[in-house]
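Just so it is clear, the structure is predicted and the values come from calculations on it, not from any experiment.
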Amino acid sequence: MDANRILRQKESDEIDAYVKNQGWDMQMTGTGLRYLKLAEGDGDSARMGMKATINYRIKLLDGTLCYSSDSLGPEEFMVGRDYVETGLHEAIQMMRKGEKYVFILPAHLAHGLLGDWEKIPPLSPVVYYIELKSLGKK
């Protein structure tokens with residue numbers, strides 16, 4: 001438990017330094033998810049069980065672009081139900097249709113101990129730039 005606490009504190013310090021370097025005034029949830037609203041929206045709020053369609057960019061703290069809807073297309077998933085990062089489910093529920101946010105997911109809310117086996121290394125926090133394009137029913 002002590003080793004986990006030390007790892008999480010080190011990661012939190014790294015995220016704080018990144019946020020400071022970006023000049024962002026981010027808020028943090030109780031889970032450690034950091035967020036900053038970049039643009040207002042005027043649509044419905046995302047809720048559990050809705051189908052969300054997002055444009056996104058996913059980066060590592062060193063600036064490496066891992067994935068982007070520019071090349072892969074928008075992502076669709078059921079909020080709270082589909083297999084996406086835990087932190088993404090939490091993040092989307094803060095948003096309204098049309099809003100743009102930047103979120104930083106600590107590793108335990110992103111890809112955890114293993115990474116994603118492709119572009120995100122183990123124990124890596126990720127930076128998500130998200131635009132909530134649409135919301136729909138199941």
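- For the pair Ser124/Leu61, no side-chain contact is recorded, criterion being any heavy-atom separation below 4.5 Å from C-beta on.
- Of the N and O atoms on the side chains of Ser71 and Arg57, not one donor lies less than 3.5 Å from an acceptor on the other residue.
- Annotation: the span from His111 atom NE2 to Ile120 atom CD1 amounts to 3.5 Å, rounded to 0.5 Å.
- Between Ala110 and Leu105, the shortest heavy-atom distance links the atoms CB-CB, 4.0 Å.
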May I have the step-by-step check of side chain to side chain contact (heavy atoms under 4.5 Å, CB included) for Lys51 and Leu135, ending in yes or no?
CA-CA 5 Å; Lys51 181 174 77 172; Leu135 290 168; over 6 Å; no
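- Pairs of residues two or more places apart, or lying in two chains, that qualify as salt bridge (Lys or Arg N to Asp or Glu O under 4.0 Å) and include a residue from residues 98-127 are Lys37-Glu99.
- Of the inter-residue distances, the one linking Phe103 atom CZ with Gln27 atom CD reads 12.0 Å to the nearest 0.5 angstrom.
- The number of heavy atoms from other shown groups lying within 6.0 Å of CG (Asp25) does not exceed 12.
- Heavy-atom minimum distance, Tyr56 versus Ile54: CD2-O, 3.9 Å.
- Using a 4.5 Å heavy-atom cutoff, the side chains of Cys66 and Lys59 are not in contact.
- To the nearest 0.5 angstrom, Leu36 atom CG is 5.0 Å from Leu38 atom CG.
- Every residue meeting the side-chain contact (heavy atoms from CB on, under 4.5 Å) condition with Thr29, not counting sequence neighbours, appears here in chain and number order: Thr31, Leu33, Tyr35, Glu90, Met94.
- For Phe77, the ring pair (Phe, Tyr, Trp, His ring centres under 6.0 Å) partners at least two apart in sequence or on another chain are His89.
- Atom CG of Asp62 is surrounded by more than 12 heavy atoms from other residues, nucleotides or ligands within 6.0 Å.
- Side-chain contact annotation: Tyr128 with Glu85, donor-acceptor N/O pair under 3.5 Å present.
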